[in-house]
Amino acid sequence: MTKPVRVRFAPSPTGYPHVGNIRTALFDWLLARHAGGSFILRVEDTDVARRVEGAVEAIMDGLKWLGLDWDEGPEVGGNYGPYFQSQRLELYRDAARRLVSQGDAYYCYCSPQRLEEMRAEQVRQKQPPGYDRRCRNLTELERAQKEAEGITPVVRFKTPLEGQTRFNDLIWGEVVFEHNTIDDFVLLKSDGYPTYHLANVVDDSAMKISHVIRAEEWISSTPRHLLLYQALGFEPPQFVHHPMILGPDRSKLSKRHGAVSILEYREQGYLPETMVNFLALLGWSLDDKTEILSRKELTDNFSLERIGRTGAIFDWNKLSWMNGVYIRRLSLEDFTQRALPFLEKGLPSSVKRPLSIDYTRQIMPLIQERVRTLTEVAGLTEFFFIDGLDYDSSLLIVKKMNQESAVKALEVSKQKLVPVEAFDTGSLEAVLRPLAVELGLKAGQLFGSLRVAVTGRTVAPPLFETMSVLGKERCLERVESALGRLRSL
RNA sequence: GGCGCAUUCGUCUAGGGGUUUAGGACACCUCCCUCUCAAGGAGGAGAUCACCGGUUCGAAUCCGGUAUGCGCUACCA
């Protein structure tokens with residue numbers, strides 16, 4: 001019987017929820033759900049200086065938005081808590097003390113200034129930077145002196161000087177590191193907080209984590225962790241390093257490349273189902289052709305083995321396309337409900353709030369297949385909501401027409417429209433389509449002119465549908481106003 | 001500088017010795033549909049599989065080297 005799958009997403013609350021981290025969480029969640037295991041959320045708040053207020057909430061907000069529910073962690077508890085590292089400090093101190101007494105770690109009294117100078121010197125001499133182990137073999141007397149000076153020491157790991165550590169990464173295969181390339185890293189900081197290395201090993205072990213899934217950038221520190229597992233007598237988990245998400249210049253995706261917080265995507269009108277699908281496909285693939293996968297298909301088919309080894313550039317273009325696909329698949333009601341907040345926010349303040357749901361519901365089918373993000377909805381439908389249209393009057397004169405023919409076209413249209421009782425798509429077409437012929441115009445010319453009159457734009461949803469939703473009164477009003485504009489041209 | 005890793009169309013990727021004239025998707029171009037824009041349909045263009053050598057009857061696929069890129073190299077994660 002194999003051990004149950006227990007994976008954890010362990011963000012540090014030092015900022016917004018970066019899509020790269022969220023994608024790691026997705027992989028964690030996908031594996032847990034695929035294998036019937038547990039997905040654990042653990043907050044690694046061990047950096048007091050970089051801690052950002054509200055970051056934990058933002059991270060949880062992002063996970064919830066995507067539907068990545070966690071089985072253990074903040075808000076839900078669990079048998080391996082607490083799930084904030086700041087509440088587990090005793091555990092790390094115990095481990096550090098144990099390591100020191102075993103001779104696997106030692107107190108270091110070097111000042112930050114000295115370390116900095118040392119590093120600068122090493123770089124100048126083109127030596128690999130790293131702690132020079134000055135405090136590794138301090139005598140009892142020397143230590144007592146330092147203590148007497150009131151220096152609070154850090155605890156460093158006593159890295160073996162020789163030998164090597166190797167591990168078999170599920171994605172990268174076997175990786176080997178020589179111990180002489182690893183320095184004596186800090187385990188416990190002078191403020192009493194652990195470093196990532198210590199906390200991560202202690203907790204992953206205590207929480208019985210089966211797979212450590214994290215970004216490729218951690219691969220270099222994995223031997224340190226393995227050394228710690230060994231010194232502490234813990235059984236190491238399976239390591240799974242995945243490639244990073246890159247910006248267009250192939251460097252690690254960062255703020256200067258554009259939106260990096262998952263919450264920004266929500267604000268920009270992307271659907272959570274799009275983000276889940278897109279992020280999953282950034283580094284993972286099912287086969288040679290499947291692009292659109294539902295949450296269920298994803299959890300059913302997910303496997304670590306199919307995660308690639310090369311960094312993937314975040315392609316906003318493809319994201320937009322995919323969002324369009326998901327938007328088009330929404331039921332009308334669902335689409336309306338999701339678009340509503342974006343309309344409330346995006347429409348001009350002159351539009352009376354709250355918006356009429358019924359009216360909005362009539363408009364939405366006209367644009368649903370035309371938008372790629374929810375933020376576009378307001379701009380595309382504005383003319384349905386505002387009173388006076390603002391546009392360049394010359395637009396009323398469509399190609400190969402002149403002022404005179406345009407006036408005539410709108411004039412006659414108006415006359416034909418007045419008696420139309422049922423202002424629906426069919427009736428409108430029945431009246432207007434023959435009219436173009438009658439006027440000796442192409443359908444495109446007449447409809448184009450009417451489109452501008454009625455919507456104020458050259459690009460809009462189909463004319464008859466639009467007019468029908470707008471209603472007879474408003475259409476006639478707008479045609480009249482267009483006529484006024486034409487005459488004073 | 002050291003260590004580690006990677007390298008298939010512009011981008012995401014499939015493919016793991018012969019079935020590959022290297023498949024799909026986004027983007028791009030053409031055409032069809034059509035009242036504009038979308039959506040949809042049909043085509044097209046786009047990759048000497050980083051380079052050099054080796055193994056083999058045969059290499060995108062295996063091996064070595066080179067180049068380039070990226071990551072790590074904190075009392076940050």
Side-chain angles (χ1 to χ4, degrees), chain A residues 10-15 21 44-47 49-50 108 110-112 115-116 119 122-131 152-156 169 172-173 175-178 180-183 185-191 193-197 199-200 214-223 241 243-244 246 248 250-252 278 281-292 308-322 324 328 367-372 380 398 429 432-433 436 442-452 455 457-464:
Chain A
S12 165
T14 52
N21 295 135
E44 310 224 326
D45 52 350
T46 57
D47 189 337
R50 293 201 311 156
C108 168
C110 295
S111 69
L115 294 174
E116 203 175 310
R119 246 187 313 271
Q122 287 165 332
V123 170
R124 200 174 312 126
Q125 307 235 347
K126 301 218 181 281
Q127 295 295 307
Y131 180 57
T152 313
V154 301
V155 175
R156 284 184 185 273
D169 189 281
W172 303 80
V175 186
V176 184
F177 285 87
E178 295 290 334
N180 60 25
T181 64
I182 306 170
D183 73 348
F185 53 98
V186 173
L187 298 174
L188 211 57
K189 301 181 249 185
S190 56
D191 63 2
Y193 277 73
T195 58
Y196 171 80
H197 304 302
N200 158 62
R214 53 171 42 156
E216 178 193 346
E217 54 192 298
W218 291 105
I219 223 163
S220 312
S221 46
T222 303
H241 294 274
M244 298 180 304
L246 276 25
R250 294 214 144 267
S251 67
K252 186 152 86 170
F278 184 76
L281 248 31
L282 223 48
W284 177 86
S285 64
L286 172 62
D287 54 28
D288 57 342
K289 46 198 58 163
T290 312
E291 303 276 345
I292 304 295
R309 265 157 308 174
T310 62
I313 293 176
F314 194 100
D315 185 353
W316 279 276
N317 223 321
K318 192 157 183 172
L319 207 218
S320 291
W321 162 76
M322 192 178 280
R328 273 173 250 128
I367 56 136
Q368 183 168 5
E369 68 174 25
R370 282 163 239 270
V371 298
R372 310 190 95 176
L380 280 178
V398 180
E429 177 150 23
L432 295 174
R433 180 123 3 223
K442 289 226 166 86
Q445 294 177 301
L446 205 220
F447 299 167
S449 195
L450 271 171
R451 170 173 295 108
V452 173
T455 69
R457 0 183 129 182
T458 54
V459 172
L463 223 215
F464 312 129

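Naming: A, B, ... by sequence-line order, numbering from 1 per chain.
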Classify [X] by what it touches in the nucleic acid, base, sugar-phosphate, or nothing, heavy-atom distance under 4.0 Å.
{"X": "F464(A)", "value": "base"}
{"X": "K442(A)", "value": "nothing"}
{"X": "C108(A)", "value": "nothing"}
{"X": "R457(A)", "value": "nothing"}
{"X": "M244(A)", "value": "sugar-phosphate"}
{"X": "T458(A)", "value": "base"}
{"X": "P243(A)", "value": "nothing"}

Side chain of S190(A), base of C75(B): donor and acceptor closer than 3.5 Å?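 Pair found.
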Partner of [N] by Watson-Crick or G-U wobble geometry, both contacts under 3.5 Å, or none?
{"N": "C26(B)", "value": "G10(B)"}
{"N": "C70(B)", "value": "G4(B)"}
{"N": "U34(B)", "value": "none"}
{"N": "G16(B)", "value": "none"}

Does a side-chain N or O from S220(A) land closer than 4.0 Å to OP1 or OP2 of G71(B), or not?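 Checking S220(A) against G71(B): no side-chain N or O falls below 4.0 Å of OP1 or OP2.
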So does T46(A) get a side-chain nitrogen or oxygen closer than 4.0 Å to the phosphate oxygens (OP1/OP2) of A77(B)?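 For T46(A), the contact criterion (side-chain N or O under 4.0 Å from OP1 or OP2 of A77(B)) is met.
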Collect all protein-nucleotide pairs involving nucleotides 41-47 of chain B in which both atoms are nitrogen or oxygen and the distance is under 3.5 Å.
none

What's touching nucleotides 5-12 of chain B from the protein side, N or O pairs under 3.5 Å?
from   : atom 1 : to      : atom 2 : distance (Å)
C12(B) : OP1    : R250(A) : NH2    : 3.2
C12(B) : OP1    : I313(A) : N      : 3.1
C12(B) : O2'    : L281(A) : O      : 3.4
C12(B) : O2     : K318(A) : NZ     : 3.4

Tabulated below should be each protein N or O lying under 3.5 Å from an N or O of nucleotides 64-66 of chain B; please produce it.
none

